[in-house]
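I have placed the structure first, in the form of structure tokens, so that the comments after it can refer back to it.
We use all heavy atoms of the structure for the numbers below, so side chains are in, but hydrogens, waters and symmetry mates are not. We're numbering straight along the sequence, starting at 1. Every number for a ligand or one of its atoms is a count from 1 in the order of the listing. None of the values given here were measured: they were computed from a predicted structure.
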Amino acid sequence: MKSSLLLFFMFSISMGYGQKEKYKGQGPIRIVATDSKPVQKQWKGEFKFSNSGVVFSNEFEGARLNGITQNNDSTYTALITSENTPINISPWYAFKVWSKKKQTIDVILTYQESIKHRYYPKLSTDGIHWSVLDSMRYKEYDSGNTKTFGSSALPLKVKLRLDIGPDTLWVAGQELQNSHLVNSWIDSLTQRKYITKRTIGKSTEGRHLNMISVGNTDSKNMIMIISRQHPPEVTGYLAMKAFVETIASDSKLAKKFRKKFGTYVVPLMNPDGVDNGFWRHNTGGIDLNRDWANFNQPETRAVKDFMEGLVAKNNGKFYFGIDFHSTWDDIYYTVDPKLKGNMPNLVSDWLDKLRENIEGYDPNISPNDKLVPTTVSRNYFFIEHGAEALVFEVGDNTPREFLKEKAVTGANELMKLMLKHIKNK
Ligand SMILES: [Zn+2]
């Protein structure tokens with residue numbers, strides 16, 4: 001991580017933690033139809049301004065820039081819109097910009113009606129290493145009037161001051177993690193002989209739904225990990241990566257765990273959405289995390305078929321299921337602890353271990369006992385498989401080092417608890 005990024009997040013932690021109101025979590029899950037609906041694809045290409053020599057581009061996977069106009073010599077207004085509506089406020093943006101001569105420009109980010117600016121701008125010169133925009137170069141308009149979470153806390157639009165020149169500058173809402181980068185990560189893991197990759201299905205646009213298995217794939221003891229149903233939720237994805245890398249590591253604990261358990265991971269549930277720069281949905285125009293009862297979409301169906309096939313093949317059970325997301329602030333959406341699955345109390349014991357092992361940390365937990373119709377992945381994991389399940393939500397601005405620490409500690413404590421459970425059986 002670049003030091004400026006780290007500094008920003010350290011700044012945000014010192015400003016926020018302990019002082020701000022606790023995030024109360026989302027309201028009840030709305031049950032919606034999940035039959036496919038049309039989505040609007042963005043025009044792809046270069047937006048060139050001949051008087052200034054400035055070029056904006058959305059020609060890359062994960063880009064989102066729907067239009068841009070020039071206000072004056074050095075100011076541009078970008079329009080960012082969603083794939084369809086209704087949609088929640090997760091307005092993803094990502095574009096490249098350059099010009100023949102060095103110059104400083106202002107870019108105003110605007111969104112469709114009723115949508116406000118959410119993701120603090122990140123910059124990169126190679127599309128891989130990112131830093132946050134200097135706060136002196138960031139201006140909010142019609143800022144939110146509350147310090148709480150959600151739409152009322154957001155500005156209507158923002159202005160970014162950027163230094164540009166012949167080298168490409170990347171600008172995005174979070175660190176770009178498109179399917180190409182996710183697949184490189186998968187390929188780096190499968191160098192190890194105990195990790196394999198397979199395709200469990202294809203998205204509507206034909207992208208592979210890749211699944212990695214870690215450890216003993218003949219074991220009857222299984223755990224399921226998914227992430228990125230929602231494209232912009234990069235912080236959840238980063239936590240998932242650190243979690244999986246810990247289970248895949250060379251530690252004694254991880255080796256022992258891999259002998260006893262098979263871990264199955266779908267790191268990128270929505271590759272079409274991610275590569276199209278969608279805000280929330282897949283190519284079917286659907287929030288995948290509302291489709292775990294009806295399974296109308298190929299991505300959710302592939303995971304269901306995979307899990308059910310594996311249970312039959314191994315005559316085994318999923319003991320744990322976790323789905324990584326991002327939201328306004330860190331929160332754990334759990335199954336009410338009075339409901340017992342295949343390894344009762346696992347999740348509440350695990351969250352206690354997180355509290356014990358991370359100094360000064362008090363996990364924000366929101367339990368739920370309304371699990372039918374299953375609708376979301378957590379409910380499907382629990383109701384159909386008996387897997388102790390939760391949604392692991394990471395804040396948009398959670399410091400990257402801290403989200404890693406939570407994920408690494410979380411994976412280690414989970415492995416210890418699960419090994420203890422099967423020993424006692
Ligand atoms: Zn989400």
Side-chain angles (χ1 to χ4, degrees), residues 23-32 34 39 62 64 82-94 115-116 118-119 149-151 154 172-179 182 203 209 224-241 243 265-293 297 299-300 303 321-335 364-366 368 371 374-382 389-398 403 406-407:
Y23 177 46
K24 291 186 183 69
Q26 64 188 18
I29 303 279
R30 290 231 322 270
I31 296 158
V32 292
T34 58
V39 289
R64 172 113 321 217
S82 60
E83 59 274 20
N84 63 5
T85 57
I87 197 157
N88 81 335
I89 298 190
S90 44
W92 173 256
Y93 59 90
I115 297 292
K116 296 174 168 183
R118 171 163 170 183
Y119 298 110
F149 304 97
S151 168
L154 300 176
Q174 297 285 26
E175 303 90 317
L176 187 75
Q177 289 288 348
N178 58 22
S179 67
V182 175
S203 66
L209 292 167
M224 190 73 213
I225 300 173
I226 64 172
S227 89
R228 229 54 198 290
Q229 294 196 75
H230 300 141
E233 299 185 4
V234 170
T235 55
Y237 170 77
L238 297 174
M240 181 282 303
K241 263 179 87 177
F243 194 89
V265 190
V266 181
L268 184 53
M269 281 291 301
N270 185 0
D272 287 357
V274 165
D275 284 354
N276 283 303
F278 286 172
W279 294 8
R280 182 130 177 128
H281 300 155
N282 69 343
T283 297
I286 293 302
D287 179 344
L288 288 176
N289 208 26
R290 297 295 178 270
D291 190 39
W292 293 85
Q297 300 300 319
E299 297 86 351
T300 41
V303 174
I322 186 165
D323 183 4
F324 288 85
H325 287 255
S326 307
T327 186
W328 310 104
D329 197 15
D330 295 15
I331 188 164
Y332 302 86
Y333 292 118
T334 60
V335 170
N364 187 6
I365 304 165
S366 175
N368 198 322
L371 309 178
T374 45
T375 312
V376 300
S377 63
R378 175 201 60 199
N379 300 357
Y380 169 75
F381 294 161
F382 183 81
L390 80 158
V391 183
F392 189 110
E393 295 263 7
V394 181
D396 296 334
N397 298 320
T398 297
L403 71 81
K406 285 202 309 175

How far does CZ of Arg378 sit from CG of Asn368, to the nearest 0.5 angstrom? 4.5 Å
Review item, side-chain donor-acceptor pairs of residues 23-31, under 3.5 Å, at least two apart:
{"from": "Lys24", "atom 1": "NZ", "to": "Glu21", "atom 2": "OE2", "distance (Å)": "2.9"}

Looking at Asn289, Asn282, Thr327, Asp287, which hits side-chain hydrogen bond (donor to acceptor under 3.5 Å, both in side chains) with His230? Asp287
At a cut-off of 2.8 Å, protein N/O/S around the Zn ion (ligand 1) gives His230 ND1, Glu233 OE1, Glu233 OE2, His325 ND1
Asp323 versus Gln229, side-chain donor and acceptor atoms under 3.5 Å: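 Indeed, the side chains of Gln229 and Asp323 share at least one donor-acceptor pair under 3.5 Å.
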Listed partners of Ser227 passing side-chain contact (heavy atoms from CB on, under 4.5 Å), at least two apart: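 Counting only residues at least two positions away or on another chain, Ser227 forms a side-chain contact (heavy atoms from CB on, under 4.5 Å) with Tyr237, Met240, Phe324.
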Checking Asn178 now: which residues fulfil side chain to side chain donor-acceptor pair (under 3.5 Å) with it, not counting sequence neighbours? none
